[in-house]
Structure formats: structure tokens, C-alpha cells
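Reviewing the structure listed below.
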Amino acid sequence: VQLQAFGGGSVQAGGSLRLSCAASGLPFRSYTMGWFRQAPGKERDFVAAINWGGSPTIYEDSVKGRFTISRDSAENTVYLQMNSLKPEDTAVYYCAVVGGDNWYEQAAKLAALEGDYWGQGTLVTVSS
């Protein structure tokens with residue numbers, strides 16, 4: 001299993017970035033992919049998740065209306081479109097995947113930071 005995350009960079013507040021996470025070798029019939037972030041000196045936090053069927057999706061409250069998670073099933077890739085970025089969005093962003101019997105089980109595991117597989121992080125820096 002391999003998850004490759006990329007797309008981070010430096011932007012000014014109000015700007016946009018799109019993160020990508022390409023997955024290969026996934027052993028699950030049913031799975032959910034998510035994005036997480038870890039700011040300097042802080043614990044890793046959940047950001048957003050999407051069922052591989054395309055819905056449902058869930059978001060952490062502070063990114064609702066600004067971030068959009070989506071996936072391309074043909075490319076086995078999940079995206080995180082980040083708009084209206086704020087300095088407090090500065091963090092290393094990670095993608096993860098979790099399998100399970102159903103969406104609720106998968107979402108609960110991701111919300112508890114219990115990913116089955118994790119990608120490497122990609123740094124997002126937002127300057128004021």
C-alpha cells in the first residue's frame with residue numbers, strides 16, 4: 001500500500017492550494033480516505049474525509065465552507081481544495097485511508113485518527 005501526498009506550498013492569506021493524495025495497492029473493498037494536519041507544536045487533527053463512492057463527506061468545523069474534499073476513482077486519488085486560507089491553516093497535511101464494513105465505522109476510525117495507512121506529509125504555509 002502506498003499513499004503519496006503532494007501539492008503543499010506557501011501562499012498568502014486568502015489564497016488557495018489543492019492537495020492530492022494518490023493511493024495504490026489498497027486491500028479494501030470498502031474504504032474512506034481522509035486528510036489530517038499537524039501544526040507546529042500541536043497534535044494531529046482531523047480535517048476532512050470522503051467515502052470512496054464519493055459521498056458522504058465530513059469536515060472539521062473550522063474548514064467548512066473553505067475546504068472541499070473530492071476523489072477521482074479512476075486515478076485512485078483524493079484531493080483537498082483549500083480556499084480562503086488563513087495563517088492558522090499552516091501545518092503539515094497528511095492523507096490516510098481506513099477500511100471497514102461501512103461508512104460510519106470508517107468515519108469513526110478516521111475521526112479518532114486511526115488510519116490503516118498513512119501518506120507522507122506535505123507542508124502548507126500560509127502567511128499573513
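This chain uses plain numbering: 1 for the first residue, then up along the sequence.
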Next item on the list: For residues Ser16 and Asn83, report the shortest heavy-atom separation together with the two atoms involved.
Entry: OG-OD1, 2.9 Å
Check: Going from OG1 on Thr57 to CD1 on Ile50, what distance comes out if it is rounded to the nearest 0.5 angstrom?
Finding: 6.0 Å
Check: Hey, are Asp61 and Lys64 close enough for a salt bridge, meaning a charged N less than 4.0 Å from a carboxylate O?
Finding: yes
Check: Would a distance-only check, ignoring hydrogens and angles, find a side-chain to backbone donor-acceptor pair under 3.5 Å from Arg71 to Gly53?
Finding: yes
Check: From Leu113 CG over to Asp45 CG, what is the distance, rounded to the nearest 0.5 angstrom?
Finding: 7.5 Å
Margin query: With a 4.5 Å cut-off on side-chain heavy-atom distances among I, L, V, M, F, W and Y, is there a chain of contacts connecting Val47 to Phe6?
Written below: no
Notebook entry, point to check: Is Trp52 close to Val78 at the side-chain level, that is, under 4.5 Å between some pair of heavy atoms?
Noted result: yes
Checklist line | Heavy-atom pair with the smallest gap, counting every atom of Arg37 and Asp89 | finding: NH1-OD1, 2.9 Å
Margin query: Please give me the minimum heavy-atom distance between Leu19 and Val124, naming the atom from each residue.
Written below: CD2-CG2, 4.0 Å
Checklist line | Neighbour count >12 (heavy atoms, 6.0 Å) for atom CD, Gln12 | finding: no
Item checked: Of all pairs that satisfy disulfide (SG to SG under 2.5 Å), the ones with a partner from residues 14-65, not counting sequence neighbours -> Cys21-Cys95
Next item on the list: Starting at CD of Gln81, measure out to CG of Leu17 and round the result to the nearest 0.5 Å.
Entry: 8.5 Å
Margin query: Treating Arg44 as the side-chain partner and Gln38 as the backbone partner, does any N or O pair qualify as donor plus acceptor under 3.5 Å?
Written below: no
Notebook entry, point to check: To the nearest 0.5 Å, what is the distance between CE (Met82) and CZ (Arg66)?
Noted result: 9.5 Å
Notebook entry, point to check: Does any non-hydrogen side-chain atom of Tyr31 lie less than 4.5 Å from one of Tyr117?
Noted result: no
Next item on the list: Say whether, by atom type as modelled, one donor and one acceptor occur between the side chain of Lys86 and the main chain of Val126 under 3.5 angstrom.
Entry: no
Check: Should we count OH of Tyr104 as having more than 12 external heavy atoms under 6.0 Å?
Finding: no
Notebook entry, point to check: Where is the tightest heavy-atom contact between Gly34 and Leu110, given as atom of each residue plus distance?
Noted result: N-CD1, 4.0 Å
Notebook entry, point to check: How close do Trp103 and Ala49 get, heavy atom to heavy atom, and via which atoms?
Noted result: CH2-O, 4.3 Å
Next item on the list: Could you give me the CA-CA distance, side-chain angles and deciding distance for Thr32 and Lys109, then say whether side-chain contact (heavy atoms from CB on, under 4.5 Å) is met?
Entry: CA-CA 10 Å; Thr32 290; Lys109 289 170 69 174; over 6 Å; no
Check: Given the side-chain rings of Trp35 and Phe67, with only the six-membered ring counted for Trp, is the space between their centroids under 6.0 Å?
Finding: no
Check: With Ser30, which residues qualify under side chain to side chain contact (heavy atoms under 4.5 Å, CB included), at least two apart?
Finding: Gln106
Checklist line | Gap separating the OH atom of Tyr94 from the CG atom of Leu3, nearest 0.5 angstrom | finding: 13.5 Å
Next item on the list: Drop me the distance from Ser62's OG to Glu88's CD, to the nearest 0.5 angstrom.
Entry: 8.0 Å
Next item on the list: Taking Gln120 for its side chain and Ala5 for its backbone only, find out whether a donor-acceptor pair lies under 3.5 Å.
Entry: yes
Notebook entry, point to check: Using the ring of each side chain (for Trp, its six-membered ring), is Phe46 parallel, tilted or perpendicular to Phe36, with breaks at 30° and 60°?
Noted result: perpendicular
Next item on the list: Determine whether Met33 and Ile69 make a side-chain contact, defined as any pair of heavy atoms from C-beta on separated by less than 4.5 Å.
Entry: no
Notebook entry, point to check: By salt bridge (charged side-chain N to carboxylate O under 4.0 Å, His left out), which residues pair with Arg18, not counting sequence neighbours?
Noted result: none
Margin query: Are Leu26 and Val98 linked, directly or through intermediate hydrophobic residues, by side-chain heavy-atom contacts shorter than 4.5 Å (ILVMFWY only)?
Written below: no
Notebook entry, point to check: At their closest point, which heavy atom of Thr77 faces which heavy atom of Ser20, and how far apart are they?
Noted result: CG2-CB, 4.2 Å
Next item on the list: State yes or no: do Tyr93 and Ile58 share one hydrophobic cluster built from I, L, V, M, F, W and Y residues joined by side-chain heavy-atom distances below 4.5 Å, directly or via other members?
Entry: no
